[in-house]
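One structure is given below, encoded as structure tokens.
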Amino acid sequence: QVRLVESGGGLVQAGESLRLSCTASGSISSINSMGWYRQFPGKQRELVASIPIGGGPTYADSVEGRFFISRDVTRNMVQLQMDSLKPEDTAVYYCAAFVQESSGRRSHNWGQGTQVTVSA
């Protein structure tokens, strides 16, 4: 069983910053990729940023240059630094991880989500 726990969401004004963190735990052999998605009301969940093992980060066009993803392998952690936040960034943000479990099974896992609200 793999668990992802997010933290760092909150309410800020436009132009301010937040830093999201996600820690993975459970029967994990390796984490091939970690990332962040967000979901607006009535819409599908969409990719914000991801970082595969041994590769560079990928960002959605809407956050390029403002959001920065990093990974701490020793702590099974991924972080998302969000600068210059805009009201249109308001959403529930979900941590995601593509994992090879100890059993050999590969799985895609979600955290419970953390609310980010940006006021105008």
Side-chain angles (χ1 to χ4, degrees):
Q1 188 176 29
V2 177
R3 294 175 296 278
L4 303 177
V5 180
E6 304 109 327
S7 64
L11 173 63
V12 298
Q13 293 183 330
E16 295 182 343
S17 298
L18 283 173
R19 190 178 192 183
L20 306 182
S21 296
C22 173
T23 300
S25 62
S27 300
I28 299 171
S29 292
S30 63
I31 300 178
N32 301 117
S33 180
M34 298 190 77
W36 293 92
Y37 289 69
R38 65 186 179 186
Q39 189 167 19
F40 306 107
K43 301 195 69 176
Q44 294 183 342
R45 200 168 296 181
E46 63 184 46
L47 178 68
V48 176
S50 65
I51 183 166
I53 189 169
T58 298
Y59 298 96
D61 290 343
S62 58
V63 307
E64 181 73 43
R66 299 188 298 119
F67 291 10
F68 304 92
I69 190 170
S70 61
R71 182 177 174 182
D72 186 337
V73 176
T74 62
R75 298 182 180 182
N76 290 330
M77 177 185 292
V78 65
Q79 297 179 317
L80 184 68
Q81 178 68 39
M82 303 185 293
D83 295 331
S84 301
L85 282 162
K86 303 175 180 180
E88 51 262 45
D89 294 318
T90 296
V92 178
Y93 285 70
Y94 295 89
C95 181
F98 184 51
V99 174
Q100 181 167 324
E101 301 175 12
S102 298
S103 64
R105 175 176 176 261
R106 299 179 186 271
S107 63
H108 186 78
N109 301 272
W110 297 102
Q112 294 299 305
T114 184
Q115 177 71 45
V116 172
T117 302
V118 185
S119 63

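This is a predicted model, so every value here is computed, not measured.
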Are [X] and [Y] linked, directly or through other ILVMFWY residues, by side chains that come within less than 4.5 angstrom of each other?
X	Y	result
Tyr37	Phe67	no
Leu80	Met77	no
Val116	Met34	yes

Would you list the pairs meeting disulfide bond (SG atoms under 2.5 Å apart) in which at least one residue belongs to [range], sequence neighbours left out?
range	result
residues 39-120	Cys22-Cys95
residues 25-71	none
residues 39-70	none

Check whether more than 12 heavy atoms from other residues, nucleotides or ligands sit under 6.0 Å from atom CD of Gln112, and answer yes or no.
no

Gln44, CD: over 12 other non-hydrogen atoms inside 6.0 angstrom:
no

Taking all non-hydrogen atoms of both residues into account, name the closest pair between [X] and [Y] and its distance.
X	Y	value
Ala24	Leu4	CB-CD2, 3.3 Å
Ile69	Pro57	CG2-CB, 3.5 Å
Asp83	Ser17	OD1-OG, 2.8 Å

Under the side chain to side chain contact (heavy atoms under 4.5 Å, CB included) rule, collect the residues that match up with [X], sequence neighbours excluded.
X	value
Ser27	Ser102
Gln115	Thr90, Val92, Thr117
Arg66	Val63, Ser84, Lys86, Asp89
Ser25	Arg3

Dump the intermediate steps for side-chain contact (heavy atoms from CB on, under 4.5 Å) on Ile53 and Arg71, then the final yes or no.
CA-CA 9 Å; Ile53 189 169; Arg71 182 177 174 182; 3.7 Å; yes

Can a side-chain donor-acceptor contact be found between Thr23 and Asn76 if the only test is distance below 3.5 angstrom?
no

Residues in salt bridge (Lys or Arg N to Asp or Glu O under 4.0 Å) with Asp72, at least two apart?
Arg75

With sequence neighbours excluded, tell me which residues meet salt bridge (Lys or Arg N to Asp or Glu O under 4.0 Å) with Arg105.
Glu101

Report the relative orientation of the aromatic rings in Phe98 and His108; use parallel for angles under 30°, tilted for 30 to 60°, perpendicular for over 60°.
tilted

Counting C-beta onward and ignoring hydrogens, is there a side-chain heavy-atom pair between [X] and [Y] closer than 4.5 Å?
X	Y	answer
Phe68	Ser70	no
Ile31	Val78	no
Val2	Ile28	yes
Ile51	Trp36	no
Asn32	Arg106	yes

Scan for salt bridge (charged side-chain N to carboxylate O under 4.0 Å, His left out) pairs involving residues 41-64, sequence neighbours excluded, and state none if there are none.
Arg38-Glu46

Only pairs at least two apart or in different chains count here, so list each salt bridge (charged side-chain N to carboxylate O under 4.0 Å, His left out) that has a residue in residues 8-26.
none

Would you check if the side chain of Ser50 reaches a backbone N or O of Gly35 as a donor-acceptor pair within less than 3.5 Å?
no

I'd like to know if the side chain of Gln79 and the backbone of Ser21 have a donor-acceptor N/O pair within less than 3.5 Å.
no

Who are the ring pair (Phe, Tyr, Trp, His ring centres under 6.0 Å) partners of Tyr94, not counting sequence neighbours?
none

Given the rule in the side-chain contact (heavy atoms from CB on, under 4.5 Å) test, do Met82 and Leu20 qualify, once you have shown the distances and angles that lead to the verdict?
CA-CA 8 Å; Met82 303 185 293; Leu20 306 182; 3.7 Å; yes

